[in-house]
Number of protein chains: 2
Amino acid sequence: MEANNNFARQLQGLPEGQSLENCPVRQVMQGIFSKWSTLLLQALGERPYRFGELRRLVPDISQRMLTQTLRDLERDGYVYRTVHPTKPPSVEYGLTSLGQSMLVPLKELVDWATSNFSDVRAARDAYDADANG
Amino acid sequence: MEANNNFARQLQGLPEGQSLENCPVRQVMQGIFSKWSTLLLQALGERPYRFGELRRLVPDISQRMLTQTLRDLERDGYVYRTVHPTKPPSVEYGLTSLGQSMLVPLKELVDWATSNFSDVRAARDAYDADANG
DNA sequence: CAGAATCCTCTACGATACTG
DNA sequence: CAGTATCGTAGAGGATTCTG
């Protein structure tokens with residue numbers, strides 16, 4: 001019995017004959033792990049925020065990417081967007097129940113990253129030192 | 001009291017005065033979520049594999065990216081690499097204890113993605129349909 | 001206030017060819 | 001077998017300017 005070419009598919013819960021390009025796991029993951037999404041999801045996990053509040057909360061993000069990331073998160077169903085027709089307008093963003101559900105395992109990974117960053121950094125430094133030595 | 005500019009830093013466990021660019025959480029995350037890393041980590045979570053075995057396991061990956069992803073995972077301390085000086089050479093890859101530790105929360109996220117993909121897809125379809133309507 | 005539009009850069013990734 | 005080296009492309013993301 002040779003190595004099974006469908007192993008990767010099985011790992012990702014992919015039905016037979018479907019490409020890895022459309023892999024469910026990857027599709028979900030790529031939505032969560034754009035440059036700013038994890039940070040924004042964590043912020044919205046505390047309470048809903050308005051657009052301008054989020055800008056001040058995460059001053060390093062460009063306006064363009066804030067808009068786009070929020071749109072992507074909205075599209076995937078993690079975030080709702082409510083426009084209050086005031087003047088000037090005010091827009092509120094918050095987590096949907098799907099977003100709250102997803103944030104649970106995501107937070108565990110974030111916690112792991114926080115707790116084990118020193119080990120990762122040490123491994124990196126050792127690897128790089130070895131390459132230069 | 002205006003919105004606190006250091007909120008994002010606090011969320012990511014960043015000490016005062018340190019840039020988000022070097023944020024521990026993001027540094028760890030970006031290592032885990034390159035295009036192929038999650039898949040490879042899951043594979044190596046089963047048992048160690050040789051380079052060629054991994055290629056056959058994940059036929060869609062290019063040789064270049066397989067090498068590079070494994071190197072990155074090795075650099076971050078998740079994966080070990082053992083060269084057996086046979087002829088022709090054989091190289092074994094496997095999870096370190098750090099990698100096994102990280103795979104625990106990662107798997108929970110993968111499981112969430114698998115379980116909730118239909119909801120995410122439904123949200124996407126609804127969003128896209130609305131945009132075209 | 002909350003964005004849309006445009007332009008530009010940088011890097012992730014793939015394809016291909018070669019090697020100890 | 002397990003890579004390295006080189007080239008080319010698409011997309012992510014930043015900076016800037018304009019608007020209902």
Side-chain angles (χ1 to χ4, degrees), chain A residues 2-3 8 19-23 26-27 29-40 43-44 48-76 79-94 131, chain B residues 2-3 8 19-21 23 26-27 29-40 43-44 48-76 79-94 127 131:
Chain A
E2 64 174 85
S19 160
L20 272 177
E21 293 300 316
N22 305 334
C23 162
R26 183 179 296 166
Q27 280 192 52
M29 292 297 195
Q30 292 199 329
I32 304 174
F33 293 103
S34 70
K35 183 169 181 181
W36 298 102
S37 43
T38 302
L39 188 51
L40 289 177
L44 295 176
Y49 282 103
R50 290 176 48 192
F51 188 85
E53 290 180 311
L54 287 171
R55 277 195 83 179
R56 286 187 290 277
L57 239 45
V58 189
D60 300 30
I61 197 173
S62 69
Q63 193 185 37
R64 174 169 139 62
M65 287 316 294
L66 179 54
T67 302
Q68 184 178 309
T69 305
L70 287 170
R71 287 286 194 284
D72 291 345
L73 293 175
E74 186 195 0
R75 186 170 103 103
D76 281 6
V79 163
Y80 68 82
R81 173 175 180 270
T82 308
V83 181
H84 300 287
T86 55
K87 217 178 140 179
S90 126
V91 179
E92 177 188 310
Y93 292 93
Chain B
E2 65 175 86
S19 159
L20 272 177
E21 292 302 314
C23 162
R26 182 179 297 168
Q27 280 193 51
M29 293 298 194
Q30 293 200 327
I32 303 175
F33 294 101
S34 69
K35 183 169 181 182
W36 299 102
S37 44
T38 302
L39 188 50
L40 289 176
L44 295 176
Y49 282 103
R50 290 175 49 190
F51 188 87
E53 290 180 311
L54 287 171
R55 276 195 82 178
R56 286 187 291 275
L57 239 45
V58 189
D60 301 30
I61 196 173
S62 68
Q63 194 184 35
R64 173 172 140 64
M65 287 316 294
L66 178 55
T67 302
Q68 183 179 310
T69 305
L70 288 170
R71 287 285 195 284
D72 291 345
L73 294 174
E74 186 195 359
R75 185 170 104 102
D76 281 6
V79 163
Y80 68 81
R81 174 177 180 268
T82 308
V83 181
H84 300 287
T86 55
K87 215 178 146 178
S90 125
V91 179
E92 177 188 312
Y93 292 92
Y127 186 96

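Note that the structure is a prediction, hence the values are computed from the model and not measured.
- Taking every heavy atom of both residues into account, A/D76 and A/G31 meet most closely at OD2-CA, 4.0 Å.
- For C/dA2, the OP1/OP2 oxygens have a side-chain nitrogen or oxygen of A/R50 closer than 4.0 Å.
- In this structure, B/D60 and B/W36 have side chains that are in contact, with non-hydrogen atoms separated by less than 4.5 Å.
- Of the listed nucleotides (D/dA2, C/dA2, D/dC1), C/dA2 has the atom at the smallest distance from the side chain of A/S90.
- Between C/dG3 and A/R55, no contact under 4.0 Å exists linking OP1 or OP2 to a side-chain N or O.
- Residues A/V58 and A/L40 form a side-chain contact, since some pair of their non-hydrogen atoms from C-beta on lies under 4.5 Å apart.
- Atom CG in B/L54 sits roughly 13 Å away from atom C1' in D/dC1 (whole-Å rounding).
- Atom-to-atom distance recorded for A/I32:CD1 and A/D72:CG is 12.5 Å, nearest 0.5 angstrom.
- Note on the helix from C/dC1-D/dG20 to C/dG20-D/dC1: angle between the axes of the first and last five pairs equals 50°, rounded to 10 degrees.
- One atom, CD of A/E53, and another, P of C/dA2, lie 8 Å apart when rounded to the nearest Å.
- The distance from atom CD of B/Q68 to atom P of D/dA5 is 13 Å, rounded to the nearest whole Å.
- B/V91 pairs with exactly one of B/L70, B/T86, B/T82, B/V83 by the side chain to side chain contact (heavy atoms under 4.5 Å, CB included) rule, that one being B/V83.
- In this structure, the nucleotide among D/dG14, C/dC13, C/dA2 sitting nearest to the side chain of B/M65 is C/dC13.
- Rounded to whole Å, atom P of C/dG14 lies 11 Å from atom CG of B/L66.
- In this structure, the side chains of A/E92 and A/Y80 come closer than 4.5 Å at one or more pairs of heavy atoms.
- Between A/R81 and the phosphate of C/dA2, there is no side-chain N or O to OP1/OP2 separation shorter than 4.0 Å.
- In this structure, B/L57 and B/L39 have side chains that are not in contact, with every pair of non-hydrogen atoms separated by 4.5 Å or more.
- Look at A/K35 and you'll find a side-chain N or O under 4.0 angstrom from OP1 or OP2 of D/dG14.
- Residue A/Y93 places at least one side-chain N or O under 4.0 Å from the OP1 or OP2 atom of C/dG3.
- Checking C/dG14, D/dA2, C/dA4 against every side-chain atom of A/R71, the shortest atom distance belongs to C/dA4.
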Per-nt protein contacts along nucleotides 15-20 of chain C (heavy atom under 4.0 Å; B base, S backbone sugar-phosphate only, - none) come out as B-B--B
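- One can place CD of B/E92 at 17 Å from C1' of D/dG3, the figure rounded to the nearest angstrom.
- Classification of the B/F51-B/Y93 ring pair by plane angle, with boundaries at 30° and 60°, yields tilted.
- We find that CG of A/D72 is positioned 9 Å from P of D/dA12, with the value rounded to whole Å.
- Put simply, the side chain of B/L44 reaches to within 4.5 Å of the side chain of B/L54, judged on heavy atoms.
- Within the 4.5 Å cutoff, the side chain of B/R56 has heavy atoms near those of the B/E53 side chain.
- Put simply, CG on A/L70 is 11 Å from P on C/dA2, counting in whole angstrom units.
- Summarising the geometry, the separation between CZ on A/F33 and C1' on D/dA12 is reported as 17 Å, rounded to the nearest angstrom.
- Both B/V83 and A/T69 sit near DNA chain D, but only B/V83 has its closest nucleotide nearer the 5' end.
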